[in-house]
Amino acid sequence: MKDFFIQNKPVAAICHGPQLLINAEVVNGKNMTSVNSISKDLINAGAHWVDREVVVDNGLVTSRTPKDLPAFNTKMVEEFKEGKHSGQSV
């Protein structure tokens, strides 16, 4: 997972998916959202957590729950089409 950030590749995570990003130690300083039950975990790992249906931060796309899939999918495809993001960092 960390290699995607090192290589500036887009990454997408929804619901509890951002927990993997916490363990990869790549959330510090990132604007993110997730299911509410892990919001404190993201904040404690250094992320800037917000309660929105989709959040994009330099190729990192996050959403809260499956009800947000339409917005999540749209942004995910958009970021993947753009390819590598030079602002993506560990």
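Excluded from the calculations below are hydrogen atoms, water molecules and symmetry mates; all remaining heavy atoms, backbone and side chain alike, are included.
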Q.
Within this structure, what is the CG-NE2 distance for the pair Asp57 and His48, rounded to the nearest 0.5 Å?
A. 8.5 Å
**Q.** Under 3.5 Å: donor-acceptor pair, side chain of Asn23, backbone of Leu20
**A.** no
Q: Identify the heavy atoms of Val50 and Thr33 that sit nearest to each other, and give their distance.
A: O-OG1, 2.6 Å
Q.
Is there a side-chain contact between Thr62 and Ile14 in this structure, where contact means two heavy atoms from C-beta onward sitting under 4.5 Å apart?
A. no
Q | Nearest non-hydrogen partners of Cys15 and Ile38, listed with the distance | A | O-CD1, 3.9 Å
Q: Search all heavy atoms of Gly46 against all heavy atoms of Asn28 and return the closest pair with its distance.
A: CA-OD1, 3.4 Å
Q.
Contact between Lys2 and Glu25 at the side-chain level, heavy atoms closer than 4.5 Å - yes or no?
A. yes
Q.
How long is the straight-line distance from NE2 of His16 back to OG of Ser37, given to the nearest 0.5 Å?
A. 3.5 Å
Q. Is there side-chain contact between Leu42 and Ile22, with heavy atoms separated by less than 4.5 Å?
A. yes
Q) Of all heavy-atom pairs between Ser34 and Ser39, which one has the smallest distance, and what is that distance? A) OG-N, 4.0 Å
Q. Can you find a heavy atom in the side chain of Val55 that is under 4.5 Å from one in the side chain of Trp49?
A. no
Q.
Give me the atom names and distance for the closest heavy-atom approach of Ala47 to Met32.
A. CB-SD, 3.9 Å
Q) Transitively linked via ILVMFWY side-chain contacts under 4.5 Å: Val26 with Phe4? A) yes
(Q) Just so I know, are the side chains of Asn36 and Arg64 near enough to count as touching, which here means a heavy-atom distance under 4.5 Å? (A) no
Ignoring hydrogens and angles, write down the donor-acceptor pairs under 3.5 Å from the side chains of residues 72-83, residues two or more places apart or on other chains.
unit_1	atom_1	unit_2	atom_2	d
Asn73	ND2	Leu69	O	3.3
Thr74	OG1	Pro70	O	3.0
Lys75	NZ	Glu78	OE2	3.2
Glu79	OE1	Gly59	N	3.4
Glu79	OE1	His85	NE2	2.7
Glu82	OE1	His85	NE2	3.0

Q | Spacing of CG belonging to Leu60 relative to CZ belonging to Phe5, to within rounding of 0.5 Å | A | 4.5 Å
Q) Between Val11 and Leu21, is a side-chain contact (heavy atoms from CB on, under 4.5 Å) present by the stated rule, with each step listed? A) CA-CA 10 Å; Val11 174; Leu21 302 176; 4.1 Å; yes
